[in-house]
Amino acid sequence: SVTTWKVGGVYEPAEMLRLRITRSRDIRAPNISELYSSDQLTYTAIVDKQTNTQVNVPTLSGGNPDLTPEHANTFTAGVILAPTDGFARGFRFSADYYKIKIEEAISRLGTQTIADRCYGGAAEFCDLITRNSAGAITSIRNPFLNLNAIETEGVDFEASYAVPLRGGADQLGFRLLATYVAHLTTTDSRGAIDRAGMTGLPQSGESGVPHWQLNGSVTWDRGPFSATVEGRYIPEGIYDVTLVGPQDAGYDPALANSINDNRVPSRFYTNLNLQYDLWNHGGEKGQIFLTVNNLFDVDAPNAPPRTNAYLVDVLGRAFRVGFRFTH
């Protein structure tokens with residue numbers, strides 16, 4: 001059994017100012033896939049530090065019926081500014097601080113990480129590795145596990161402003177979303193690793209998040225026509241925080257944890273969305289639309305052995321045309 005609770009408050013000292021705060025105890029039970037999914041066989045290239053060889057290892061990834069619910073302590077505090085008169089009318093700004101600590105978090109470690117942890121002396125991970133009589137790895141199980149803890153802290157920002165044009169017949173809207181992640185720390189038997197600022201996706205490893213993510217848009221509404229230009233920015237980040245490159249302290253080509261480049265370049269993407277209402281009356285609406293993602297066909301950053309498709313665009317320019325209606 002588990003117990004959850006939440007307490008919060010909102011205080012509005014002025015019409016344009018609102019303060020909010022929450023504190024909660026949260027849980028997430030393992031889902032059916034995490035518990036009972038059958039093993040899927042893949043082959044993963046890893047470095048076996050015990051034999052100092054690179055091997056292509058059969059990896060079995062499946063569910064784990066011994067999982068327990070993960071639970072978290074969450075704290076948030078925020079402020080909202082929304083002037084109702086004067087030149088600032090139509091402006092809205094919010095900032096929300098968050099701090100979340102998850103214990104017994106459910107995740108997979110990755111094939112390379114399991115091999116490294118076993119080599120580093122964590123015996124519980126050695127049970128997931130099978131070796132033949134010569135000491136070579138013949139397979140590794142990579143199931144869902146209850147890891148020790150994941151902790152993150154940061155601030156979310158949102159700002160928007162609407163400007164009427166032509167006496168209110170048109171409207172120009174601006175919106176900016178920004179997220180700052182101070183740290184994203186995973187703690188397990190090897191210790192704590194902070195992956196904030198990491199934008200790479202190492203082979204058989206865990207991914208991180210950039211310190212900053214920015215997403216802005218400008219929308220022009222004119223009668224039945226609407227056009228939106230969106231910009232998304234991902235700053236330069238570290239490829240793998242467990243490794244060092246020429247840009248990092250302690251770099252030495254003779255060391256196993258050194259690579260020739262440990263940075264992922266920044267990227268800025270532009271998206272375009274056009275839509276036109278063919279009819280809109282009596283609760284019925286018909287609309288055609290055109291969406292162009294990655295308008296300027298910006299290539300994904302070169303970050304071998306694989307690019308982090310969770311953050312950057314790996315397809316290039318893409319068009320979508322459609323019709324939608326409600327009746």
Side-chain angles (χ1 to χ4, degrees), residues 8 10 12 16-22 24 26 72 74-84 87-100 150-165 170-184 194-201 207-221 226-238 264-275 289-296 298 300-301 307-315 317-318 320:
V10 176
E12 192 170 337
M16 63 174 289
L17 177 63
R18 180 181 300 173
L19 307 174
R20 56 192 178 192
I21 187 171
T22 62
S24 62
D26 313 303
T74 303
F75 173 79
T76 67
V79 58
I80 301 173
L81 295 174
T84 57
F87 74 94
R89 183 176 182 179
F91 175 75
R92 180 182 174 92
F93 172 81
S94 67
D96 289 278
Y97 166 82
Y98 62 86
K99 185 174 184 179
I100 306 168
I150 298 176
E151 186 172 355
T152 188
E153 182 179 14
V155 184
D156 289 333
F157 302 92
E158 180 175 355
S160 62
Y161 187 53
V163 182
L165 303 174
D170 296 1
Q171 179 169 284
L172 193 62
F174 303 88
R175 190 180 187 208
L176 177 65
L177 301 173
T179 296
Y180 172 70
V181 180
H183 63 86
L184 175 65
D194 186 357
R195 290 185 169 84
M198 174 176 153
T199 58
L201 186 59
S207 63
V209 295
H211 279 299
W212 281 98
Q213 289 190 73
L214 302 176
N215 192 315
S217 64
V218 179
T219 300
W220 176 40
D221 290 309
S226 176
T228 300
V229 178
E230 178 191 36
R232 186 166 66 92
Y233 176 67
I234 303 100
E236 179 185 77
I238 298 172
V264 179
S266 63
R267 280 296 182 269
F268 184 86
Y269 296 104
T270 305
N271 304 321
L272 174 66
N273 182 54
L274 306 175
Q275 54 190 38
F289 65 90
L290 167 66
T291 300
V292 185
N293 291 322
N294 195 355
L295 180 64
F296 300 111
V298 177
T307 300
N308 191 344
Y310 298 109
L311 292 175
V312 300
D313 185 278
V314 296
L315 296 177
R317 185 187 297 116
R320 183 172 60 184

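Values reported hereafter were calculated over all heavy atoms of this structure, with side chains retained and with hydrogens, waters and symmetry mates removed. Positions are given from 1, in the same order as the sequence printed here.
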Trainee: Give, for atom OG1 of Thr179 and atom CD of Gln213, the distance between the pair rounded to the nearest 0.5 Å.
Mentor: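 One finds 6.5 Å between OG1 of Thr179 and CD of Gln213.
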Trainee: Do Glu230 and Tyr269 have side-chain atoms, one donor and one acceptor, less than 3.5 Å apart?
Mentor: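 Distance-only check fails for Glu230 and Tyr269.
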Trainee: Could you work out, with salt bridge (Lys or Arg N to Asp or Glu O under 4.0 Å) as the rule, every residue matching Arg175, not counting sequence neighbours?
Mentor: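 Applying salt bridge (Lys or Arg N to Asp or Glu O under 4.0 Å) to Arg175 gives Glu158.
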Trainee: Taking all non-hydrogen atoms of both residues into account, name the closest pair between Phe268 and Gly231 and its distance.
Mentor: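 The answer is CZ-CA, 3.7 Å.
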Trainee: Find the distance between OH (Tyr98) and OG1 (Thr76) and round it off to the nearest 0.5 Å.
Mentor: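 Reported to 0.5 Å precision, the distance equals 11.5 Å.
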Trainee: Testing Thr307, Asn308, Val264 one by one against Leu201 for a side-chain contact (heavy atoms from CB on, under 4.5 Å), which residue passes?
Mentor: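 Of Thr307, Asn308, Val264, side-chain contact (heavy atoms from CB on, under 4.5 Å) with Leu201 is met by Asn308 alone.
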Trainee: Does CZ belonging to Arg89 count more than 12 external heavy atoms closer than 6.0 Å?
Mentor: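 Check fails, neighbour count at 12 or below.
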Trainee: For residues Leu311 and Arg232, report the shortest heavy-atom separation together with the two atoms involved.
Mentor: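 The answer is O-NH1, 2.7 Å.
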Trainee: To the nearest 0.5 Å, tell me how far Tyr180 OH sits from Leu214 CG.
Mentor: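 Result: 13.0 Å between the selected atoms.
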Trainee: Can you name the nearest heavy-atom pair linking Ala182 to Ala196, along with the distance?
Mentor: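 Result for this residue pair: O-CB, 3.9 Å.
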Trainee: Tyr97 versus Ile21: any side-chain heavy-atom pair under 4.5 Å?
Mentor: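 Side chain of Tyr97 against side chain of Ile21, heavy atoms only: no contact under 4.5 Å found.
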Trainee: Set out, in order, the CA-CA distance, both residues' side-chain angles and the distance that settles side-chain contact (heavy atoms from CB on, under 4.5 Å) for Leu17 and Leu81, then state yes or no.
Mentor: CA-CA 5 Å; Leu17 177 63; Leu81 295 174; 3.4 Å; yes
Trainee: To the nearest 0.5 Å, how far apart are CG in Leu272 and CZ in Arg317?
Mentor: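 Taking CG in Leu272 and CZ in Arg317, the distance rounds to 11.5 Å.
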Trainee: Take Met16 and Thr84, measure what side-chain contact (heavy atoms from CB on, under 4.5 Å) needs, and give me the verdict at the end.
Mentor: CA-CA 7 Å; Met16 63 174 289; Thr84 57; 5.6 Å; no
Trainee: Take Leu176 and Phe157 through the test side-chain contact (heavy atoms from CB on, under 4.5 Å) and record every step on the way to the result.
Mentor: CA-CA 8 Å; Leu176 177 65; Phe157 302 92; over 6 Å; no
Trainee: Looking only at heavy atoms, which two atoms of Ser226 and Thr219 are closest? And how far apart?
Mentor: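 Heavy atoms only, the tightest pair is OG-CG2, 3.8 Å.
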Trainee: Let me see the working for Asn271 and Thr291 under side-chain contact (heavy atoms from CB on, under 4.5 Å), right down to the final yes or no.
Mentor: CA-CA 8 Å; Asn271 304 321; Thr291 300; 5.9 Å; no
Trainee: Check whether any side-chain heavy atom of Thr22 lies under 4.5 Å from a side-chain heavy atom of Thr74, and answer yes or no.
Mentor: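 Of all side-chain heavy-atom pairs linking Thr74 with Thr22, none is under 4.5 Å.
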Trainee: Please find the pair of heavy atoms, one from Thr199 and one from Pro210, that lie closest to each other, and give the distance.
Mentor: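 Taking Thr199 first and Pro210 second, the nearest heavy atoms are CG2-CB, 3.6 Å.
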Trainee: Which distance, rounded to the nearest 0.5 Å, do you find between the CG of Asn215 and the OH of Tyr233?
Mentor: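 Rounded to the nearest 0.5 Å, the CG-OH separation comes out at 14.0 Å.
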Trainee: Can you say whether the rings of Phe174 and Tyr161 are parallel (under 30°), tilted (30 to 60°) or perpendicular (over 60°)?
Mentor: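 Ring orientation, 0 to 90° scale: parallel.
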Trainee: What distance separates Ile238 CD1 from His211 NE2, expressed to the nearest 0.5 Å?
Mentor: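 One gets 6.5 Å once the value is rounded to the nearest 0.5 Å.
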Trainee: Which atom pair, heavy atoms only, marks the closest approach of His183 to Glu151?
Mentor: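 The answer is ND1-O, 3.6 Å.
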Trainee: Excluding sequence neighbours, so at least two apart, what forms salt bridge (Lys or Arg N to Asp or Glu O under 4.0 Å) with Asp170?
Mentor: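 Salt bridge (Lys or Arg N to Asp or Glu O under 4.0 Å) check on Asp170 returns Arg166, Arg222.
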Trainee: Test of understanding: with salt bridge (Lys or Arg N to Asp or Glu O under 4.0 Å), list the residues that count as partners of Asp156, not counting sequence neighbours.
Mentor: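 Asp156: no salt bridge (Lys or Arg N to Asp or Glu O under 4.0 Å) contacts found.
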Trainee: Has the side chain of Thr270 got a donor or acceptor atom that lies under 3.5 Å from a matching backbone atom of Asn294?
Mentor: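 Flag not set: sc Thr270 to bb Asn294 has no pair under 3.5 Å.
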Trainee: Are any of the side-chain nitrogens in Asp96 or Arg20 under 4.0 Å away from the carboxylate oxygens of its partner?
Mentor: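 Looking at Arg20 together with Asp96, the answer is yes, because their closest N to O distance falls below 4.0 Å.
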